[in-house]
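What follows is a single structure, written as structure tokens, with notes after it.
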Amino acid sequence: MKNLTIITEFVLMGFSRNPQILNMLFALFLVIYLLTLMGNLVMILVIRTDSHLKTPMYFFLGHLSFLDLSLSSITMPKMLENLLTQKKTISVWGCMAQSFFLILSGSTEACLLSAMAYDRYAAICHPLLYSVIVNRPMCVGMVTAAWAVGFLNLLPNSLFTYNLHFCGPNVIPHFCCELPSLFPLSCTDPTANEALLAGSCALLGFVTFPLILFSYSRIISAIISISSSGGQGKAFSTCSSHLTVVLLFYGTALFRYVTPLSGSMLEQVVSIQYSAITSLLNPLIYSLKNQDVKRALHRALKQQMCPSVRGRFKLSLV
């Protein structure tokens with residue numbers, strides 16, 4: 001990348017400079033990151049090993065957990081390192097890679113959330129035809145399409161960013177590298193880059209988000225027709241929690257990548273929301289509240305405990 005040789009590293013000056021506040025933030029974000037890793041890894045392992053979870057819904061949830069794991073791991077380790085060190089730098093190549101992988105993971109997750117909404121719509125509104133509508137080849141096709149759209153959203157933005165010249169200053173008022181934060185540091189005019197990024201992200205949102213709204217509106221209409229008040233309450237609770245996480249992810253991501261850069265603390269809070277908090281909440285709301293997942297976890301723990309119990313029983317007999 002010959003255009004970037006003038007500057008070899010960027011300085012990430014996010015959050016406060018008070019050591020006490022930085023230590024508190026380090027502890028907070030370390031707990032969030034560890035919980036995110038544990039929740040999403042548990043979901044991936046349980047879905048892959050338990051034969052009772054070989055359904056389209058859990059197929060999508062497994063990929064969602066992988067994306068959440070990737071999304072948080074792109075920014076959190078470097079952020080935790082910078083919270084403890086005085087030299088809060090990142091190489092140009094590392095900064096570019098971080099910004100590109102954020103776009104790839106975020107775009108793919110947006111498409112995957114719309115596919116999951118359609119899956120729930122087919123399961124609740126057309127239960128008799130569900131196995132025909134959402135079959136294995138279609139699930140694989142939707143996940144493949146989600147990754148393809150993510151790459152298509154990444155490719156033009158990465159190619160246009162390659163043409164930018166960075167010759168100073170090199171201070172980013174943020175805790176991670178995102179393309180909106182890099183554009184003001186360019187010595188060349190980034191207007192075309194800003195328009196391309198805002199347009200591609202807005203197009204992605206306007207294509208996927210209406211599908212989510214349509215699916216959940218039909219789901220809510222189907223729930224209203226349920227005669228049991230208990231069944232209505234349970235279904236509304238599940239759908240409302242799903243829709244809340246989707247709205248938080250879409251709202252914060254679109255705000256960050258579509259609106260003009262202001263350099264305020266709100267932009268850092270928004271980035272934390274869609275890159276860290278949503279990745280923490282998804283396993284809890286989509287999966288760990290689910291009774292099927294709880295039973296699968298119970299079976300997995302039982303299988304792990306039984307061999308050790310049998311081994312101690314044999315030793316006592318000897």
Side-chain angles (χ1 to χ4, degrees), residues 40 56-72 74 99-126 130 133-134 137-158 178-180 195-222 238-259 270-271 273-279 281-283 285-287:
N40 287 288
M57 180 178 73
Y58 295 106
F59 176 77
F60 291 129
L61 284 175
H63 285 273
L64 179 66
S65 294
F66 174 77
L67 281 170
D68 285 332
L69 196 64
S70 303
L71 195 60
S72 60
I74 292 169
S99 61
F100 293 158
F101 279 115
L102 276 173
I103 293 178
L104 174 62
S105 301
S107 303
T108 305
E109 182 158 336
C111 296
L112 187 63
L113 288 173
S114 64
M116 292 172 63
Y118 176 77
D119 170 70
R120 291 299 84 205
Y121 156 73
I124 295 174
C125 299
H126 303 285
Y130 176 66
I133 297 174
V134 187
M138 184 176 181
C139 292
V140 174
M142 286 194 287
V143 171
T144 305
W147 280 101
V149 171
F151 276 108
L152 289 175
N153 193 32
L154 166 67
L155 185 60
N157 286 290
S158 61
E178 292 180 308
L179 287 184
L196 175 63
L197 180 64
S200 62
C201 292
L203 179 62
L204 178 69
F206 293 149
V207 170
T208 57
F209 193 58
L211 178 60
I212 293 175
L213 292 181
F214 167 79
S215 300
Y216 278 105
S217 63
R218 296 299 299 271
I219 290 171
I220 292 173
S221 299
T238 302
C239 288
S240 62
S241 59
H242 290 190
L243 193 56
T244 299
V245 173
V246 170
L247 289 173
L248 286 174
F249 176 80
Y250 270 87
T252 54
L254 286 176
F255 174 83
R256 182 71 180 107
Y257 282 89
V258 175
T259 59
V270 166
S271 296
Q273 169 60 49
Y274 77 81
S275 65
I277 305 301
T278 303
S279 299
L281 292 178
N282 277 342
I285 291 179
Y286 276 102
S287 308

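- Rounding to the nearest 0.5 Å places CG of Asn153 at 10.0 Å from OG of Ser158.
- Note: Cys201 SG to Ile103 CD1 = 6.0 Å, rounded to the nearest 0.5 Å.
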Checklist entry - When you look at Phe59 and Val140, which way does the side chain to side chain contact (heavy atoms under 4.5 Å, CB included) test go after all the steps? => result CA-CA 9 Å; Phe59 176 77; Val140 174; 4.1 Å; yes

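- Distance check: Ser275 OG to Phe249 CZ gives 9.5 Å after rounding to the nearest 0.5 Å.
- When all heavy atoms of Met142 and Ala115 are compared, the closest pair comes out as SD-CB, 4.0 Å.
- Phe66 places none of its side-chain heavy atoms less than 4.5 Å from the side chain of Asn40.
- Expressed to the nearest 0.5 Å, how far CG of Leu69 lies from CG of Leu64 amounts to 11.0 Å.
- Below 30°, between 30° and 60°, or above 60°: for Tyr250 and Phe209 the angle between ring planes is between 30° and 60°, a tilted geometry.
- In this structure, OG1 on Thr278 lies 8.0 Å from CG on Leu71, to the nearest 0.5 angstrom.
- For Cys111 against Val149, the heavy-atom pair with the smallest separation is SG-CG1, 3.5 Å.
- The 12-atom threshold is exceeded at CZ of Phe214, counting heavy atoms of other residues, nucleotides or ligands nearer than 6.0 Å.
- Closest of all the heavy-atom pairs between Thr108 and Gly150 is OG1-CA, 3.7 Å.
- Between Ser271 and Glu178 the shortest heavy-atom distance is OG-OE1, 2.9 Å.
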Taking only distance into account, with no hydrogens and no angle test, what donor-acceptor pairs under 3.5 Å do side-chain atoms of residues 116-126 form with protein atoms, sequence neighbours excluded?
| residue | atom | partner | partner atom | Å |
| --- | --- | --- | --- | --- |
| Asp119 | OD1 | Tyr130 | OH | 2.5 |
| Tyr121 | OH | His126 | NE2 | 3.2 |

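- With Ser200 contributing its side chain and Leu197 its backbone, the two residues share a donor-acceptor pair below 3.5 Å.
- Phe101 is linked by a ring-ring contact (aromatic ring centres under 6.0 Å, His included) to nothing, counting only residues two or more places apart in sequence or in another chain.
- In terms of heavy atoms, Leu248 sits closest to Thr252 at O-OG1, 2.5 Å.
- Smallest separation of non-hydrogen atoms from Ile74 and Ser105: CD1-OG, 3.5 Å.
- Interatomic distance, Asn282 CG to Ile277 CD1, rounded to the nearest 0.5 Å: 11.5 Å.
- Under the 4.5 Å side-chain criterion, counting only non-hydrogen atoms from C-beta, Trp147 is not in contact with Leu112.
- Listed by chain and number, the residues in a salt bridge (charged side-chain N to carboxylate O under 4.0 Å, His left out) with Glu109 amount to none (sequence neighbours excluded).
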